[in-house]
Trainee: 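Before we start, here is the structure in question, set down as C-alpha cells.
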Amino acid sequence: MIEVNRVEKKYIIDPVSMENMKHNLRRVMTDDHHNKESGYMVRSLYFDSFDNTDYHSKIDGLDVRKKIRLRIYSPDDETAKLEVKEKNGGMQRKRSLVIPRDDAEKMIRGDYSCLLKTDDSFSNSLYLVMTTGLYRPRCIVEYDRYAFVHCDNNIRVTFDTNLRGSAAFDALFNKNPFCLPAAPSSDITLEVKYDGFLLSGIKSVIGDRLVNVISNSKYCRIRSYFGY
C-alpha cells in the first residue's frame, strides 16, 4: 500500500495560460517521465455506494469525503491502481494498491473478494466499506494529462485536457470505449500538489492563479453532465 498526504489545489485556466505556464515551468521543474509529446491518457472507473454517498458528499460540499476508483494509463495495462482519495479540509490523503488486471475485472463485476487475498489492513478495510455500502461501478472518467515534477516537497503540477466520460463502466480496458466530451476544449484543469509548502520559483510561474482555487471533481462533473 502506498500512502500520500499532501495539499491539492485546482484551478480552471485557458489554453494560452497553459502554454505559457508549461514554457516557464520547464525552467524550474522536470517533465514527468510518462509524458509523451502531448502528455498521457488517464482513465479511471469510479465506484459509489448504493445511495451515492461519495457523490452527494462532494456535491453538498462536505469537508470530509472520499472517492474510490480503479485507474489505468493504457488499455493494454496488466495492472490497475486501486485508489482511495480522502479529503479532510485542505488536506488530501491518497492510499493506493497496484492490483492485477484479473482482480480489477472482478471488481468491475462486483466481486471484491480479491481484497481479502492478503492480510493488508487497507485492502481488508476497503472490502468492508465496499461490501457493506453496496458499492458498484458508476462511470468512466478519461482525460489527457501533462505533468511536471519536483523532488522537493513532492511537488506535482498537472494540466488536464479533453475531459470525457462514459456510463459504460465495464469498458475500463477497452481499446476505444464510447466516451463523450464533458467540457469544452478551452476548459483546462490545473492541479498543484505538494507537501508542506510550494517553492517560490514554482509559485511565481503559476502567479495569481493561486488565488482562484476551485472545487473541481471530474467524477462529479461527469455524473452531473450526463445525468447519471
Side-chain angles (χ1 to χ4, degrees), residues 1-44 58 63-74 77 79-99 120-123 141-163 187-219 221:
M1 191 265 291
I2 302 170
E3 181 172 344
V4 177
N5 293 276
R6 61 190 177 191
V7 176
E8 181 175 309
K9 297 182 178 180
K10 300 180 181 181
Y11 316 85
I12 295 295
I13 63 172
D14 58 80
V16 173
S17 296
M18 177 182 71
E19 292 305 323
N20 288 336
M21 287 185 193
K22 286 167 69 173
H23 174 75
N24 292 320
L25 283 172
R26 289 191 175 95
R27 301 173 181 174
V28 291
M29 299 185 74
T30 304
D31 270 56
D32 187 294
H33 70 278
H34 292 105
N35 284 346
K36 299 175 183 177
E37 183 176 350
S38 58
Y40 56 93
M41 182 203 76
V42 179
R43 184 186 296 168
S44 300
K58 172 62 177 179
D63 280 342
V64 179
R65 54 184 185 263
K66 71 179 185 307
K67 291 180 287 189
I68 300 174
R69 68 192 180 201
L70 286 170
R71 171 163 289 187
I72 64 170
Y73 301 95
S74 166
D77 286 350
T79 60
K81 283 186 178 180
L82 174 59
E83 300 181 332
V84 178
K85 287 191 71 175
E86 298 165 290
K87 182 176 175 62
N88 191 338
M91 294 298 297
Q92 293 273 3
R93 179 192 190 195
K94 183 170 74 173
R95 292 177 290 170
S96 58
L97 293 170
V98 177
I99 64 172
D120 180 82
S121 59
F122 168 61
S123 60
V141 176
E142 185 175 296
Y143 51 90
D144 301 314
R145 167 166 285 181
Y146 200 97
F148 293 92
V149 298
H150 196 292
C151 58
D152 291 344
N153 294 349
N154 193 28
I155 299 172
R156 285 181 61 83
V157 177
T158 61
F159 300 90
D160 297 338
T161 60
N162 303 316
L163 178 66
D187 187 339
I188 297 165
T189 301
L190 165 67
E191 296 189 6
V192 184
K193 310 168 189 179
Y194 55 91
D195 300 340
F197 62 92
L198 190 61
L199 298 181
S200 59
I202 299 171
K203 188 173 182 179
S204 65
V205 171
I206 298 169
D208 59 5
R209 293 291 177 181
L210 288 175
V211 178
N212 305 313
V213 182
I214 63 165
S215 179
N216 181 30
S217 166
K218 298 181 183 71
Y219 165 56
R221 288 180 72 183

Trainee: Classify the ring geometry between His34 and Tyr73 as parallel (under 30°), tilted (30 to 60°) or perpendicular (over 60°).
Mentor: parallel
Trainee: When rounded to the nearest 0.5 angstrom, what is the spacing between CG in Leu70 and CG in Asp77?
Mentor: 12.0 Å
Trainee: Using a 6.0 Å distance limit plus a 45 degree cone around the ring axis, check whether Lys58 lies over the aromatic ring of Tyr219.
Mentor: no
Trainee: Is the shortest side-chain heavy-atom distance between Thr189 and Leu163 below 4.5 Å?
Mentor: no
Trainee: Who pairs with Lys193 by salt bridge (Lys or Arg N to Asp or Glu O under 4.0 Å), at least two apart in sequence or on another chain?
Mentor: Glu191
Trainee: I would like to know whether Asn153 and Leu198 meet side-chain contact (heavy atoms from CB on, under 4.5 Å); could you show each step before the answer?
Mentor: CA-CA 7 Å; Asn153 294 349; Leu198 190 61; over 6 Å; no
Trainee: List in chain and number order the residues that pass salt bridge (Lys or Arg N to Asp or Glu O under 4.0 Å) with Arg6, two or more places apart in sequence or in another chain; answer none if no residue qualifies.
Mentor: none
Trainee: Suppose we screen for side-chain hydrogen bond (donor to acceptor under 3.5 Å, both in side chains). Which residues come up paired with Asn35, at least two apart in sequence or across chains?
Mentor: Asp31
Trainee: If you apply the rule side-chain contact (heavy atoms from CB on, under 4.5 Å), what do you find for Ile202 with Leu25, and how did you get there?
Mentor: CA-CA 7 Å; Ile202 299 171; Leu25 283 172; 4.1 Å; yes
Trainee: Just jot down the ring pair (Phe, Tyr, Trp, His ring centres under 6.0 Å) partners of Phe122, sequence neighbours excluded, or say none.
Mentor: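 In terms of ring pair (Phe, Tyr, Trp, His ring centres under 6.0 Å), with neighbours along the sequence ignored, Phe122 is linked to no residue.
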Trainee: Quick one: pull up CZ in Arg43 and OH in Tyr143 and give me the separation to the nearest 0.5 Å.
Mentor: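 Here the interatomic distance stands at 12.5 Å.
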Trainee: Nearest 0.5 Å, please: how far is NZ in Lys9 from OH in Tyr194?
Mentor: 3.5 Å
Trainee: Check whether any side-chain heavy atom of Arg156 lies under 4.5 Å from a side-chain heavy atom of Asp32, and answer yes or no.
Mentor: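 Arg156 vs Asp32: side chains touch.
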Trainee: With a 4.5 Å heavy-atom cut-off, do His23 and Glu19 have their side chains touching?
Mentor: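 In short, these two side chains do not touch, never coming nearer than 4.5 Å.
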Trainee: Test of understanding: with side chain to side chain contact (heavy atoms under 4.5 Å, CB included), list the residues that count as partners of Thr30, not counting sequence neighbours.
Mentor: Val149
Trainee: Among all residues two or more places apart in sequence or in another chain, which pass the side chain to side chain contact (heavy atoms under 4.5 Å, CB included) test with Ser123?
Mentor: Leu97, Leu115, Thr118, Asp120
Trainee: Heavy atoms, side chains only, cut-off 4.5 Å: are Met18 and Thr161 in contact?
Mentor: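 Yes; the side chains approach each other to less than 4.5 Å.
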Trainee: Going by the side-chain hydrogen bond (donor to acceptor under 3.5 Å, both in side chains) test, name the single residue among Lys66, Arg65, Arg95, Gln92 that passes it with Glu86.
Mentor: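 By the side-chain hydrogen bond (donor to acceptor under 3.5 Å, both in side chains) criterion, Glu86 pairs with just one of Lys66, Arg65, Arg95, Gln92: Arg95.
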Trainee: Any chance you could measure Tyr40, atom OH, to Thr158, atom OG1, to the nearest 0.5 Å?
Mentor: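 Going from the OH atom of Tyr40 to the OG1 atom of Thr158 covers 7.0 Å.
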Trainee: Less than 4.5 Å apart, any side-chain heavy atom of His150 and any of Val28?
Mentor: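 Side chain of His150 against side chain of Val28, heavy atoms only: no contact under 4.5 Å found.
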Trainee: Using a strict 4.0 Å threshold on nitrogen-to-oxygen distance, state whether Lys218 and Asp160 make a salt bridge.
Mentor: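 Looking at Lys218 and Asp160, the cut-off is met.
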Trainee: If every non-hydrogen atom of Lys67 is compared with every non-hydrogen atom of Ser217, which pair is closest and at what distance?
Mentor: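 Scanning both residues completely, I find the closest heavy atoms to be NZ-OG, 4.1 Å.
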Trainee: Quick one: list whatever passes side-chain hydrogen bond (donor to acceptor under 3.5 Å, both in side chains) with Asn88, sequence neighbours left out.
Mentor: none
Trainee: How about Asp187 and Ile12: do any of their side-chain heavy atoms sit closer than 4.5 Å?
Mentor: yes
Trainee: Using the test side chain to side chain contact (heavy atoms under 4.5 Å, CB included), find all partners of Asn162 that sit at least two apart in sequence or belong to another chain.
Mentor: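 Side chain to side chain contact (heavy atoms under 4.5 Å, CB included) list for Asn162, sorted by chain: Asp144, Arg164.
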Trainee: Does Glu3 have any salt bridge (Lys or Arg N to Asp or Glu O under 4.0 Å) partners at least two apart in sequence or in another chain, and if so, which?
Mentor: Arg93
Trainee: For Lys85, give me all partners under salt bridge (Lys or Arg N to Asp or Glu O under 4.0 Å), at least two apart in sequence or on another chain.
Mentor: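 If we apply the salt bridge (Lys or Arg N to Asp or Glu O under 4.0 Å) test to Lys85, skipping adjacent residues, the hits are Glu8.
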Trainee: According to side-chain hydrogen bond (donor to acceptor under 3.5 Å, both in side chains), who are the partners of His33, at least two apart in sequence or on a separate chain?
Mentor: none
Trainee: Just to verify, what does Ser44 make a side-chain hydrogen bond (donor to acceptor under 3.5 Å, both in side chains) with, not counting sequence neighbours?
Mentor: Arg71
